[in-house]
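Encoded as structure tokens, the structure appears first; notes follow it.
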Amino acid sequence: DSDAGQRVLVPLLRATGERLDTLVLSHRDTDHTGGAQAVFATQPQALVLSSIEDDHPLQQVRSIGRCQAGQHWQWDGVTFEMLHPSANDYAQAAAGQRKPNTMSCVLRIRSADASALLLGDLEARQERRLAAELAQAEPVDVLLVPHHGSRTSSSPQLLQATRPRWGWIQAGYRNRF
């Protein structure tokens with residue numbers, strides 16, 4: 001029942017004086033959207049992108065745009081590029097053929113000096129498709145390991161295609177998963 005947005009993110013943003021330009025909520029699972037309402041309340045100027053459904057409760061609180069492959073923008077010399085999901089993925093999700101994890105927003109971030117790939121909870125099947133697209137791309141410096149390093153993700157194909165220098169895993173202390 002704890003609100004990480006109110007407890008952690010909002011105080012951090014206030015303490016550092018940061019204003020968010022864009023907030024990306026990977027997908028609908030609570031461990032990726034929990035605390036969003038508190039952040040929305042203190043960062044009303046931020047553009048919000050996500051793959052959450054049109055009837056998700058957060059859509060009633062704030063206008064949320066879709067993250068979709070092909071979107072890109074620049075900020076302070078840093079390029080942000082959305083690689084997943086595609087329009088076809090959204091069509092399959094609307095038909096009930098996709099689980100929330102498979103709809104994770106995948107964001108590639110590149111500067112002149114470094115790059116990162118954030119994959120949310122993407123699963124192995126979608127990773128393989130993404131790996132085929134990234135096979136000729138430059139290696140990434142940081143790979144945020146998909147789905148917290150679970151066995152349903154981090155396929156050998158993805159690791160071979162991205163050739164990360166570092167892999168970061170989100171893990172909670174004493175988290176049973």
Side-chain angles (χ1 to χ4, degrees), residues 1-69 71 73 75 78 80-86 89-90 92-94 96-109 116-127 130 140 142-154 158 164 166-177:
D1 296 325
S2 178
D3 183 337
Q6 190 63 43
R7 197 180 78 251
V8 178
L9 295 174
V10 169
L12 174 66
L13 292 168
R14 281 191 185 129
T16 60
E18 292 294 330
R19 265 178 43 106
L20 299 180
D21 292 313
T22 303
L23 173 64
V24 178
L25 303 173
S26 165
H27 61 291
R28 76 173 185 195
D29 288 353
T30 305
D31 62 329
H32 292 261
T33 60
Q37 285 188 4
V39 176
F40 290 172
T42 62
Q43 302 285 320
Q45 77 290 340
L47 170 69
V48 182
L49 299 174
S50 185
S51 65
I52 63 174
E53 303 86 350
D54 292 340
D55 61 351
H56 190 281
L58 285 176
Q59 293 279 16
Q60 307 310 311
V61 177
R62 177 80 179 268
S63 174
I64 299 175
R66 277 190 171 171
C67 58
Q68 188 166 319
Q71 291 171 318
W73 64 95
W75 181 70
V78 177
F80 298 82
E81 181 182 8
M82 204 62 71
L83 303 178
H84 181 83
S86 68
D89 294 317
Y90 280 106
Q92 290 180 2
Q97 299 170 346
R98 293 269 186 202
K99 297 187 306 186
N101 287 349
T102 67
M103 293 299 292
S104 290
C105 301
V106 174
L107 184 62
R108 178 171 39 193
I109 305 168
L117 187 59
L118 314 178
L119 292 114
D121 284 352
L122 205 65
E123 294 188 358
R125 183 175 180 183
Q126 290 73 37
E127 285 182 10
L130 190 60
V140 298
V142 175
L143 175 70
L144 185 58
V145 176
H147 206 187
H148 317 276
S150 76
R151 67 176 167 247
T152 64
S153 299
S154 309
L158 177 73
W166 296 293
W168 291 351
I169 299 175
Q170 304 161 310
Y173 176 69
R174 291 191 171 188
N175 184 320
R176 65 188 176 102
F177 299 104

Would you say that L47 contacts L23 through its side chain, given a criterion of any heavy-atom pair below 4.5 Å between the two side chains? no
For a 4.5 angstrom cut-off between non-hydrogen side-chain atoms, does D29 reach N101? yes
I'd like to know whether R66 forms a side chain to side chain contact (heavy atoms under 4.5 Å, CB included) with L49, so could you lay out the CA-CA distance, the side-chain angles of the two residues, the decisive distance to 0.1 Å, and finally the verdict. CA-CA 5 Å; R66 277 190 171 171; L49 299 174; over 6 Å; no
Shortest non-hydrogen contact from [X] to [Y]?
{"X": "L117", "Y": "V140", "value": "CB-CG1, 4.1 Å"}
{"X": "Q6", "Y": "P11", "value": "O-CD, 3.2 Å"}
{"X": "L20", "Y": "Q43", "value": "N-OE1, 2.7 Å"}
{"X": "R62", "Y": "Q45", "value": "NH2-C, 4.1 Å"}
{"X": "V48", "Y": "S63", "value": "CB-O, 4.3 Å"}
{"X": "T33", "Y": "I52", "value": "CG2-CG2, 4.3 Å"}

Just verifying a value: how many Å separate [X] [atom1] and [Y] [atom2], rounded to the nearest 0.5 Å?
{"X": "S86", "Y": "Q126", "atom1": "OG", "atom2": "CD", "value": "10.0 Å"}
{"X": "L83", "Y": "L119", "atom1": "CG", "atom2": "CG", "value": "8.0 Å"}
{"X": "D54", "Y": "Q60", "atom1": "CG", "atom2": "CD", "value": "9.5 Å"}
{"X": "M103", "Y": "S50", "atom1": "CE", "atom2": "OG", "value": "9.5 Å"}
{"X": "H56", "Y": "Q59", "atom1": "NE2", "atom2": "CD", "value": "8.5 Å"}
{"X": "H84", "Y": "D89", "atom1": "NE2", "atom2": "CG", "value": "4.5 Å"}

Candidate pair L25 and H32, rule side chain to side chain contact (heavy atoms under 4.5 Å, CB included), full reasoning: CA-CA 6 Å; L25 303 173; H32 292 261; over 6 Å; no
Would you call the rings of W73 and F80 parallel, tilted or perpendicular if under 30° counts as parallel and over 60° as perpendicular? parallel
When you measure from the side chain of S104 to the backbone of D121, do you find a donor-acceptor pair of N or O atoms at a distance under 3.5 Å? yes
Step through the shown structure and confirm whether more than 12 heavy atoms of other residues, nucleotides or ligands are within 6.0 Å of CD on E81.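 Yes, CD of E81 has more than 12 neighbouring heavy atoms, counting only those of other groups under 6.0 Å.
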Between the side chains of H27 and S51, does any donor sit under 3.5 Å from an acceptor? no
May I have the step-by-step check of side chain to side chain contact (heavy atoms under 4.5 Å, CB included) for W166 and L143, ending in yes or no? CA-CA 6 Å; W166 296 293; L143 175 70; over 6 Å; no
